[in-house]
Amino acid sequence: MSGGTYLGMPAFPRAAEAATRDERLRANLTHATHTIRDKRARAVAELPDWAELRAAGAAIKDRTLRHLDSYLERLEAAVTAAGGQVHWAADAAQANEIVTRLVLQTGEREVVKVKSMATQELGLNAALERAGVRAFETDLAELIVQLGDDLPSHILVPAIHRNRREIRDIFTERMGEWGRPAPEGLTDEPADLAEAARLHLRQKFLDAKVGISGANFMVAETGTMVVVESEGNGRMCLTLPETLISVVGIEKVVPTWRDLEVFLQLLPRSSTAERMNPYTSMWTGTSDGDGPSTFHLVLVDNGRTDTLADEVGRQALRCIRCSACLNVCPVYERAGGHAYGSAYPGPIGAILTPQLRGVDTVLDASLPYASSLCGACYEVCPVAIDIPEVLVRLRERVVEGGEATVRGSRVRIRPARGHAAERAAMRAARWALDHPGALRAGQRVAGRMRRLQPRRLPGPGAAWSRTRDMPPLPPESFRSWWRRTRGESGEAGR
């Protein structure tokens, strides 16, 4: 990981092994995730109908995904009728080409950006830079990441891996290269750091002629875009520029305003632990003398329709990017977000990235294993995504291969490399379970040889047992114990 790109990232186990040795990183993550999840739990507990809201959110998302084509067409018609222009992008390359062309047509070489997971996914900033356009991140945490030549490590708090002293040093050393320098004698007090960012960004907002955003939701019935945030930078980017370009994944559409109301209750409590977002910005096309005079909506697929084709995996498209699953995940807390090698870290990234990008690379094939399957992520998800279920589905795809949809066509995926031993072990276990006599004989032999049991497994099992204690073999199997204590009559149904 360097220079703001995930290219060349190693498989998750290797990246996580390095991250877990970083004591400062682990301290930062532990403090931040525990604080956020405790506040979220209190905010959610205030609503007696939280379970019903959660079920409603999941049902709305599922209904929308089942009829996604019709809702997207309705959205396009409404945006166009309101004065906006809609562009369709099949993949990252096409989306970046469209946005770059739209910016260059304005004659501008600088843009201001609202925090956007979609543009991170696409690598838009790098594409704009190659075309001679400089993109300025205006979200405080994204600004920290950009100035530090870093990558986001959390969906909600991209600079969660940084502490206050590190942020002060980044501001002091790098702000001047991007605009107004940090004040002399800048301290690491949060208020001082926020004021430094505010002063640095103010002129950018006033000078910008082009703004780029994502959207948390799109309302199909009116063509309305919705962005929720906590700092006010989004409001500045959405209202001051002459041209606004919104880059949004196609799954962000909701049918009606009534449906939107459910998510405006679910999202703030699950993400920032607030009853409502401090800033909820909504706009519908363009209006004379109010806000940008030109509005472009770029609708991005980039693997989403392929994901939609999987009956189990499609539930990942319900995600509203709240990050609650990251804050309760024991794996994320110890490994951090960079180890996932994607704009989407944590449990949701472990199921979303392999579906959007496929499992062809060593990194993407390793992500479904970046979980203990404890289920904490499912318990806190505000739209009831059963992440463990999808993880198991993706592990099956990695090990066994099989049919999947890739770029709109059904293809047969070959099993990933490095899983031959696992497949052989599963075949052997299946054979043994189908032959009870052989299973009993094996259990008797294992019981007699238990004193010779190694503390660590050899060969392919070495990595597994390096961080786990081998469970001791019992002196007899459960079948033998049952026969000995209950008699032959107790063996009915064996």
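Closest of all the heavy-atom pairs between Ala316 and Ile385 is O-CD1, 4.2 Å.
Here Gln85 pairs with His87, Thr294, His296 under the side-chain contact (heavy atoms from CB on, under 4.5 Å) rule; sequence neighbours left out. Under the side-chain contact (heavy atoms from CB on, under 4.5 Å) criterion, Glu46 pairs with Arg269, Arg275, not counting sequence neighbours. Applying the side-chain contact (heavy atoms from CB on, under 4.5 Å) criterion to Gln265, with sequence neighbours excluded, gives Leu53, Glu261. Among residues two or more places apart in sequence or in another chain, the side-chain hydrogen bond (donor to acceptor under 3.5 Å, both in side chains) test is passed with Thr256 by Asp259. Take Arg101 and apply the side-chain hydrogen bond (donor to acceptor under 3.5 Å, both in side chains) test, not counting sequence neighbours, and it matches Glu97. With sequence neighbours excluded, the residues forming a side-chain hydrogen bond (donor to acceptor under 3.5 Å, both in side chains) with Asp207 are Gln203, listed by chain and number. For Cys377, the side-chain contact (heavy atoms from CB on, under 4.5 Å) criterion is met by Cys325, Pro347, Ile387, Pro388, not counting sequence neighbours. For Glu17, the side-chain hydrogen bond (donor to acceptor under 3.5 Å, both in side chains) partners two or more places apart in sequence, or in a different chain, are Arg21.
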Identify each donor-acceptor pair in which a side-chain atom of residues 186-194 lies under 3.5 Å from a protein atom, sequence neighbours left out, and give them as a table.
{"residue": "Thr187", "atom": "OG1", "partner": "Glu189", "partner atom": "N", "Å": "3.2"}
{"residue": "Thr187", "atom": "OG1", "partner": "Asp192", "partner atom": "OD2", "Å": "2.5"}
{"residue": "Glu189", "atom": "OE2", "partner": "Arg164", "partner atom": "NH2", "Å": "3.4"}

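The salt bridge (charged side-chain N to carboxylate O under 4.0 Å, His left out) analysis of residues 331-348, with sequence neighbours excluded, yields the pairs Arg37-Glu333. Sorted by first and then second residue, the ring pair (Phe, Tyr, Trp, His ring centres under 6.0 Å) pairs involving residues 185-215 (not counting sequence neighbours) form an empty list. Residue pairs satisfying the ring pair (Phe, Tyr, Trp, His ring centres under 6.0 Å) criterion with at least one member in residues 214-249, sequence neighbours excluded, are listed as follows: Phe217-Phe263.
Atom CZ of Arg165 sits in a sparse spot, with 12 or fewer heavy atoms from other residues, nucleotides or ligands closer than 6.0 Å.
Test Glu242, Glu110, Arg109 against Lys209 for side chain to side chain contact (heavy atoms under 4.5 Å, CB included) and you get one pass: Glu242. Residue Leu356 forms a side chain to side chain contact (heavy atoms under 4.5 Å, CB included) with just one option from Asp364, Thr307, Asp91, and that option is Thr307.
A distance of 6.0 Å or more separates the ring centres of Phe12 and Tyr369.
Note that Arg54 lies in the cation-pi zone of Tyr378, set by a 6.0 Å cut-off to the ring centre and a 45° limit from the axis.
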